[in-house]
There are 4 protein chains.
Amino acid sequence: MENKSKPKYKLILDAAVEVIAENGYHHSQVSKIAKKAGVADGTIYLYFKNKEDILVSLFEEKMGQFVSKIKDEIEQIDEADQKLYKLIEMHFQQLSEDPDLAIVTQLELRQSNKRLRLKINEVLKGYLTLMDDILHEGMKDGTFQDQLNVKLVRQVLFGTLDEVVTNWVMKEQRYNLVKQAKEVHYLIYNGLRKHN
Amino acid sequence: MENKSKPKYKLILDAAVEVIAENGYHHSQVSKIAKKAGVADGTIYLYFKNKEDILVSLFEEKMGQFVSKIKDEIEQIDEADQKLYKLIEMHFQQLSEDPDLAIVTQLELRQSNKRLRLKINEVLKGYLTLMDDILHEGMKDGTFQDQLNVKLVRQVLFGTLDEVVTNWVMKEQRYNLVKQAKEVHYLIYNGLRKHN
Amino acid sequence: MENKSKPKYKLILDAAVEVIAENGYHHSQVSKIAKKAGVADGTIYLYFKNKEDILVSLFEEKMGQFVSKIKDEIEQIDEADQKLYKLIEMHFQQLSEDPDLAIVTQLELRQSNKRLRLKINEVLKGYLTLMDDILHEGMKDGTFQDQLNVKLVRQVLFGTLDEVVTNWVMKEQRYNLVKQAKEVHYLIYNGLRKHN
Amino acid sequence: MENKSKPKYKLILDAAVEVIAENGYHHSQVSKIAKKAGVADGTIYLYFKNKEDILVSLFEEKMGQFVSKIKDEIEQIDEADQKLYKLIEMHFQQLSEDPDLAIVTQLELRQSNKRLRLKINEVLKGYLTLMDDILHEGMKDGTFQDQLNVKLVRQVLFGTLDEVVTNWVMKEQRYNLVKQAKEVHYLIYNGLRKHN
DNA sequence: AATGAATGAGATTTCATTCAT
DNA sequence: AATGAATGAAATCTCATTCAT
């Protein structure tokens with residue numbers, strides 16, 4: 001379970017994801033996380049202010065990577081439409097590849113209190129901005145209609161992705177999520193593109 | 001606070017919505033709900049099996065009315081596209097009209113544990129079926145493309161509505177939600193209709 | 001241990017005195033007090049806001065009785081000097097009669113934090129006022145010198161009583177405390193009376 | 001903060017007085033003392049057996065100086081009565097001059113547990129013996145009554161001094177403590193001297 | 001049907017002390 | 001001699017639920 005080479009900070013965060021995915025948010029005691037990470041309970045508090053801080057850090061860390069990976073891929077693409085597709089695909093792909101993280105983000109972290117959820121929203125802003133950028137770009141270059149309500153479209157996009165992933169998690173990840181990217185993209189894109 | 005004419009069952013459910021909207025899910029103790037309803041703590045357990053049962057019943061009751069009102073309106077409409085519009089509009093309208101309920105369904109009840117959320121999903125099935133019906137009808141009569149993945153489209157639709165309402169609640173209901181129905185319908189409908 | 005006739009409030013306070021005297025302030029967990037009182041841990045919190053509140057209430061209750069008993073006796077005495085003697089004697093007597101309470105007030109409660117000690121001082125004010133009254137009376141009627149610094153004399157008197165009782169408690173109450181009343185009174189009285 | 005010329009032992013004790021006076025007994029963690037002394041936490045344990053040992057040593061060191069200074073002055077005085085006065089005055093004076101130490105001895109160290117307080121009493125014995133000596137001397141040479149209960153008188157004296165200083169500390173040292181020496185001496189002396 | 005006093009399980013966090021370097 | 005990262009034991013309080021009246 002323990003990994004001598006990793007710094008304790010990482011060890012604890014990884015353990016937290018595992019423990020929360022396995023036991024659910026409300027049955028994930030600090031002592032369980034510590035045990036899984038192979039450290040003493042008190043050690044947790046050398047790296048995190050309190051239990052909530054573990055969760056916020058977890059989300060910041062994982063979501064930061066999540067978004068920056070998508071960003072990296074998208075930068076190499078020219079067309080807004082293709083960027084949109086890539087975003088959808090990678091959103092599904094990354095969560096597919098880390099089922100524990102999917103459970104934590106889609107189900108367990110939502111059970112947290114309002115303050116924690118506000119912090120989580122803060123972290124999500126970077127992702128939403130990325131969506132906005134793609135939309136603006138597509139509006140500018142004529143790929144999308146030029147009078148889109150960006151804020152609203154972003155809600156459509158994010159709401160769709162979130163619901164699709166949540167359904168997949170609730171169905172215990174029994175089907176291939178990534179394969180749905182094409183269809184989802186088609187539906188969204190048709191909503192945005194110009195029509196004759 | 002108390003209402004002599006109402007049966008205690010209703011009194012307790014209404015009190016629950018108020019208390020949860022006001023104090024948040026995690027600070028809504030059974031004793032608080034009892035007090036607001038004007039009954040003793042123990043009385044709650046004559047009408048509900050346990051605390052979770054209050055929440056499920058609350059959701060069943062309110063969501064049942066929510067869906068049946070939409071159903072009633074939609075039955076009087078012929079075109080699938082117009083039905084879709086009506087559904088979106090009424091979804092927004094009903095939650096606009098009951099801000100406490102909006103807070104409870106969009107924010108507070110999500111903090112509940114997995115088992116409760118599964119039961120809530122059970123209640124939602126009636127609503128999702130209604131969406132399915134509209135989609136099938138539109139596919140049949142040629143309003144929508146005839147090879148839609150209904151399950152997926154329903155996720156797009158529900159995910160979108162849910163996210164748009166949640167955003168409105170999180171922004172403290174400061175703008176007119178119903179006015180967004182038209183734009184949301186336009187985006188979704190464009191995604192579904194036939195294109196030449 | 002339990003006493004069905006007594007109200008729970010009293011039961012808990014009495015248990016607290018016993019438990020603290022026996023185990024010391026820092027080893028007197030709420031659960032120990034509850035057990036000794038014959039109630040559940042949670043019941044404590046129906047009668048007291050928190051653990052500190054038990055201690056403050058304990059002191060208020062016991063000290064209130066302590067002072068009012070002394071007051072009652074003193075009211076029936078005419079001479080300031082005899083009042084002083086009675087106060088000293090009863091101070092010693094009452095603590096002699098309740099050795100557990102003596103341990104708690106002289107040793108254990110002093111280990112509490114500053115805030116609790118301030119509240120304790122608040123309760124003590126009634127006692128100090130009683131001392132002041134005796135002094136003023138004696139100054140007026142010529143029993144004592146008429147230019148005493150009352151505030152200071154009160155400190156001499158209280159400091160003396162407190163130290164004498166503490167010594168007795170620390171010596172494990174092995175000698176007769178009440179018998180020292182006469183000598184203590186003699187020393188103090190000589191300090192206060194007029195000299196030719 | 002650190003003082004290169006002082007041995008670490010002294011550095012740590014001085015830091016302890018400062019930290020306790022500033023933060024109170026219960027918020028004076030070993031790590032805080034170490035930081036203020038400019039040493040590592042572990043270093044503390046090269047000089048002291050444990051936390052309690054810091055406090056006992058602190059008291060021994062400071063109280064040792066306290067008593068020996070009083071002894072030195074008193075030795076140069078002939079009359080028991082004047083010795084008594086000097087003791088009172090210097091008791092007040094020394095604590096006046098070191099407000100941090102006054103806070104620590106009068107308020108903070110009292111919050112310690114019974115065992116530590118027994119050790120503190122051990123240290124105090126030297127002071128009490130000094131008082132006894134003065135009393136015996138005065139009884140012998142006719143300054144004081146010759147049938148005093150020395151043990152008891154010593155409690156009156158110490159209890160008085162202690163209470164007067166504590167009051168001054170609790171009143172945040174806002175008045176001149178040393179000026180009260182004369183009055184206190186007068187009250188005590190009158191209690192002890194022969195009367196015709 | 002209604003009451004409400006009583007129950008008791010369960011978890012976060014602190015901090016004195018150690019010991020490998 | 002000195003460091004400081006790591007340890008792990010230990011206790012308050014909440015609140016859903018019961019049951020005697």
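Chain A is the first sequence line, chain B the second, and so forth, proteins listed ahead of strands; every chain is numbered from 1.
- With E:dA6, E:dT3, E:dT13 as the candidates, the nucleotide lying closest to the side chain of C:Y47 is E:dA6.
- Straight-line distance from the CG atom of C:D41 to the C1' atom of E:dA5: 16 Å, rounded to whole Å.
- With a 3.5 Å ceiling on both atom-pair distances, the Watson-Crick or G-U wobble partner of E:dT21 is F:dA2.
- For B:K51, taking side-chain heavy atoms from C-beta onward, the closest of the listed nucleotides E:dT17, F:dT17, E:dT3 is F:dT17.
- Between B:D41 and B:K32, none of the side-chain N atoms (NZ, or NE/NH1/NH2) sits under 4.0 Å from a carboxylate O, so this pair counts as no salt bridge.
- Note: CG (B:L11) to C1' (E:dA1) measures 15 Å, nearest angstrom.
- Look at A:K8 and you won't find any side-chain N or O under 4.0 angstrom from OP1 or OP2 of F:dA5.
- D:K36 places none of its side-chain heavy atoms less than 4.5 Å from the side chain of D:D14.
- Remark on DNA chain E: of its neighbouring residues C:T43 and A:S28, the 5'-side contact belongs to C:T43, judged by nearest-heavy-atom nucleotide.
- Counting non-hydrogen atoms of other residues, nucleotides and ligands closer than 6.0 Å to NE2 of C:H27 gives a total of 12 or fewer.
- D:K49 places its NZ atom 12 Å from the P atom of E:dT18, with the value rounded to the nearest Å.
- When the C1' atom of E:dC15 is taken as reference, atom NZ of D:K32 falls 11 Å away, rounded to whole Å.
- Within the nucleic acid shown, D:F48 has no heavy atom closer than 4.0 Å to any nucleic acid atom.
- The main-chain N or O of C:Q111 is never found under 3.5 Å from a side-chain atom of D:R110 such that the two would form a donor-acceptor pair.
- Rounded to a whole Å, the CD1 atom of B:I12 is 12 Å from the C1' atom of E:dA1.
- For F:dA10, the paired base is E:dT13 (Watson-Crick or G-U wobble, both distances below 3.5 Å).
- Residue order along DNA chain E, read from the 5' end via each residue's closest nucleotide, puts B:I44 first among D:G42 and B:I44.
- Rounded to an integer number of Å, the gap from A:Y45 OH to E:dC15 P is 13 Å.
- F:dT14 atom P lies 16 Å from atom CG of B:N23, rounded to whole Å.
- Checked for salt-bridge contact, D:E60 and D:K119 miss the test: no charged N lies under 4.0 Å from a carboxylate O.
- If you take OH of B:Y25 and P of F:dC15, they are 13 Å apart, rounded to a whole angstrom.
- Closest to the side chain of B:L46, from the set E:dT7, F:dT12, E:dA1, is E:dA1.
- Residue contacts shown for C:V30 are limited to sugar-phosphate atoms, with no base heavy atom under 4.0 Å away.
- Taking every side-chain heavy atom of C:A40 into account, E:dG8 is the closest of F:dT12, F:dT7, E:dG8.
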